[in-house]
Number of protein chains: 2
Amino acid sequence: MINPIWLRSFCTLVELGHFTRTAERLHMTQSGVSQHVRKLEEQLDTQLLVREGKQFSLTDAGQTLYQQGGGILQALQQLQQAVRQDPPFAGVVRVTSPGSMGLKLYADLLDLQQQHPQLVLDYRFTSNSGVEQAIAQLDSDIGLMTRQPTLSEVHSHKVGQESLLLVTPVQSPSLTWASLTQLGFIDHPDGAHHASLLLGANYPEFEYSEPLSTRGFSNQISQILEPVSRGLGFTVLPAYAVDAFTRPELIKVHALSVPVSEPIYLCYRRKSALPQRVLSVIDVIKTLL
Amino acid sequence: MINPIWLRSFCTLVELGHFTRTAERLHMTQSGVSQHVRKLEEQLDTQLLVREGKQFSLTDAGQTLYQQGGGILQALQQLQQAVRQDPPFAGVVRVTSPGSMGLKLYADLLDLQQQHPQLVLDYRFTSNSGVEQAIAQLDSDIGLMTRQPTLSEVHSHKVGQESLLLVTPVQSPSLTWASLTQLGFIDHPDGAHHASLLLGANYPEFEYSEPLSTRGFSNQISQILEPVSRGLGFTVLPAYAVDAFTRPELIKVHALSVPVSEPIYLCYRRKSALPQRVLSVIDVIKTLL
DNA sequence: GTTTATCATCACAAAATGTAATCAATTTTT
DNA sequence: AAAAATTGATTACATTTTGTGATGATAAAC
C-alpha cells in the first residue's frame, strides 16, 4: 500500500521543485523529504525523478503518481474532514493579529473560551506580514490584518476598521503642531506609519517639518500609553489599543477634525476546509469588530 | 492523515462483520485488527462501531468512512499498479496445483525460469481444495485444478485435460478384472477417485466387486510408480504423472477401450489486477497444457 | 577560485507497529 | 445448569519504522 505521507512529500516536492522548501512547508527536515522520495521509488521499484544536478524532472511514472496521487490525497483529507467529529466550540483555534486590535479581541475571545471550557485559544501577536505568513504556512487558523494580504493562498475580506487616535497626557498643552513637537513622540512598531496617516491629514505642517523627535519606544502594545500617561510624550494609536489602557483617567484622547481609520481584514487559508470551531470563532470575531 | 492500513482493516471488518476472520484475511492477529479500529476511532475522535455484544453495527461516521474509504483504498491500489514497474518476466510468481499435472508443469516452468533469471517460481503442490483456498487467500497467484472452483472469488476456465491411465508392471499378466484384483492396487491421494472413474468405465465388474485390495500408498506423486515398477501392484494415474516417471521401461501403460480424462481448470483471483509476470506465466501454462 | 546552497547518505534516538499472552464476555454444547 | 469453546479487548514487549542531525559531495552563485 502506498504510504500517503511519502506520497504527500512527493506531491509537494513536485509542486515546489525544491527539497528544502518542501521540507519547510511540511514541517520536516530536508533529509526526511529525500528519504520519503527514495522510499517511494524503492517500494514502487520505479524511478520517479530524473535528477539533473540540483534540478529534477519527472519520469512518466512520476507524472502519473503526481496527478493521480494528488487527487487521492485530497480525497483522503476530505474523508477525514467528513468523518471526524467537528464540534463548534471545542479544540484549538489559532488566531494571529497585530497588537492593537489584538488587545480587544484577545479579551473578548477569552470570554468566549470561558463560556466553552473545551475551546482552547492560541492567540499570537505579530506584524501584518507575520500574520500573512502564519496563515499561509498553516501555523494559524485565523488572521487579522490592517492591509490586504498579498499571498494568493490567503483569503481576506474587510470586517471593520479601527480609528487612529491622538493620545496625550491629561494635563497636555494645546494641540498646536508646535506644542506637539515640543511634547515629543512615543513610538511603537506601527508608530511612524500611524502618525503619518493621522497627523498628515490634520496638520499641514506635518509634511514639511523635521521628523518627530522620539521620546520613547515600546513594542509591547499595552505598555505604550504608560509613558504618555506620565507626561513624557504623545502618540498615535488605534482605538482598540487605547480602549485597553487600564488608567484612562491619566490620558486624553482627541478627536481630530479629519478622522482617519485603518481597515481590518479577516484572513484565512483559501481552499482548506475550515473546521467548525474555526468557523465559530470567525463568526464571533465578526460580531466584535 | 488517515492511515490506509488501519482503513483497510476497518473496511474488511465491515465486510466480514468479524474481527477474527478479518485478521485471517489480512494475515494479521485479531489483536491487531482490534487495535487498528480503536486507533482509527481515536484519531478521528469519533465512534465508528456500536458494539453490541460480539456483534456490532456502524455509526453514521462508520458508514461514511466505509463507503468513501473503500473507494479511496481501491484508487490507491490501482495507482500503485499503474505506477509500479511491471516487467513481464521478473519477480515472484506463485503457482499451486495438484501433484499430477504439477510434475509436468514444474519442469516446464523451471525451463522458463532459466530463460529469465529474474523470474522466481514458487510452485506448491496441494489438493484441489487447497489450490482454491490458496488463490482465495492471496497465497497463490495461479492455481490449477481438476474441478471447477466453488469460491466466488476464484475465476476459472478450462485449459486442457489429462487422461487417466492404467499402469502395471512390465511383466504384468492379462488385463482381466480378475488378474488386476489379484495384482492389487497402489493407492495415492486421488487414487480411489481416479480408479473409480477409469475402471468403472471399462470394467463392468468394478461396480459390484469388493473394494480393491490396496498394496501400497504414497502421497509423493513422483514415488507412486516405484512400487508398480517393482511388480507390487497396479495403479491409475493421470498421464502427466506417468510421463514424469524416470524409468518408463519398468512399467506398462495401457490404453483402455473407453478413455477417461479429467478436465484441467486454470484459476486466478477474480477482480484483482494481475501483474504482468503472472499474465506471462498464465500464457505459458496455456501453451503447455 | 571561493563561497553558498542544495541534495544524498549515515547513525542513532524516538515512535510506531504487530504479536503473544491473558482476561472478560458471550454463545454453544453437553 | 454447567462446562467448553468463541470472540473481542487489553497489556507488555520485541521489532520495525520513522525522523533528525551530522556529514559529505556536487552544483550554482559570486
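Chain identifiers are assigned alphabetically (A, B, ...) following the order of the sequence lines, protein sequences preceding nucleic acid strands; residue numbering begins at 1 within each chain. Just so it is clear, the structure is predicted and the values come from calculations on it, not from any experiment.
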Per-nucleotide protein contact along nucleotides 13-20 of chain C, 5' to 3', at a 4.0 Å heavy-atom cut-off (B base, S sugar-phosphate only, - neither), is ----SSBB
Is it the case that atom CD in A/Q115 sees more than 12 heavy atoms from other parts of the structure closer than 6.0 Å? yes
Would you please name every residue forming a side-chain hydrogen bond (donor to acceptor under 3.5 Å, both in side chains) with A/Y123, sequence neighbours left out? A/S97
Here the salt bridge (charged side-chain N to carboxylate O under 4.0 Å, His left out) pairs for residues 76-99 of chain A, sequence neighbours left out, are A/R94-A/D141
Quick check: closest heavy atoms across B/A134 and B/T96, and the distance to 0.1 Å? CB-OG1, 4.2 Å
For B/H36, give me all partners under side-chain hydrogen bond (donor to acceptor under 3.5 Å, both in side chains), at least two apart in sequence or on another chain. B/S9
What's the angle between the local helix axes at either end of the helix from C/dG1-D/dC30 to C/dT30-D/dA1, using five pairs per end and rounding to 10 degrees? 30°
Is there a side-chain contact between B/L109 and B/L112, using heavy atoms and a 4.5 Å cut-off? yes
Contact boundaries on DNA chain D for chain A, cut-off under 4.0 Å to non-hydrogen atoms: D/dT18 to D/dA27
Check the angle between the aromatic planes of B/F56 and B/F19 and answer parallel, tilted or perpendicular using the 30° and 60° thresholds. perpendicular
Would the number of heavy atoms belonging to other residues, nucleotides or ligands and lying under 6.0 Å from CD of B/Q55 be above 12? no
Quiz question: by atom type and distance under 3.5 Å, do the side chains of A/Q35 and A/S31 form a donor-acceptor pair? yes
Contacts of type side-chain hydrogen bond (donor to acceptor under 3.5 Å, both in side chains), residue A/E41, not counting sequence neighbours: A/R51
Please collect all salt bridge (charged side-chain N to carboxylate O under 4.0 Å, His left out) contacts where either partner lies in residues 14-39 of chain A, sequence neighbours excluded, each pair once. A/R38-A/E42
Show the nearest heavy-atom pair for residues B/D187 and B/A192, with the distance to one decimal. OD1-N, 3.6 Å
Output all residues satisfying side-chain contact (heavy atoms from CB on, under 4.5 Å) with B/T146, sequence neighbours left out; order by chain, then residue number. B/M101, B/N128, B/E162, B/E262
For the pair A/H157 and A/Y268, name the ring-plane relationship: parallel under 30°, tilted 30 to 60°, perpendicular over 60°. perpendicular
Is any side-chain nitrogen or oxygen of A/R51 closer than 4.0 Å to OP1 or OP2 of C/dA8? yes
By side-chain hydrogen bond (donor to acceptor under 3.5 Å, both in side chains), A/D283 pairs with (sequence neighbours left out) none
Please enumerate all protein N or O atoms sitting under 3.5 Å from an N or O of nucleotides 23-26 of chain C, with distances to 0.1 Å.
from   : atom 1 : to    : atom 2 : distance (Å)
C/dT26 : O2     : B/K54 : NZ     : 3.0

Listed in order of residue number, which residues of residues 7-20 of chain A have a non-hydrogen atom at under 4.0 Å from DNA chain C? A/H18, A/F19, A/T20
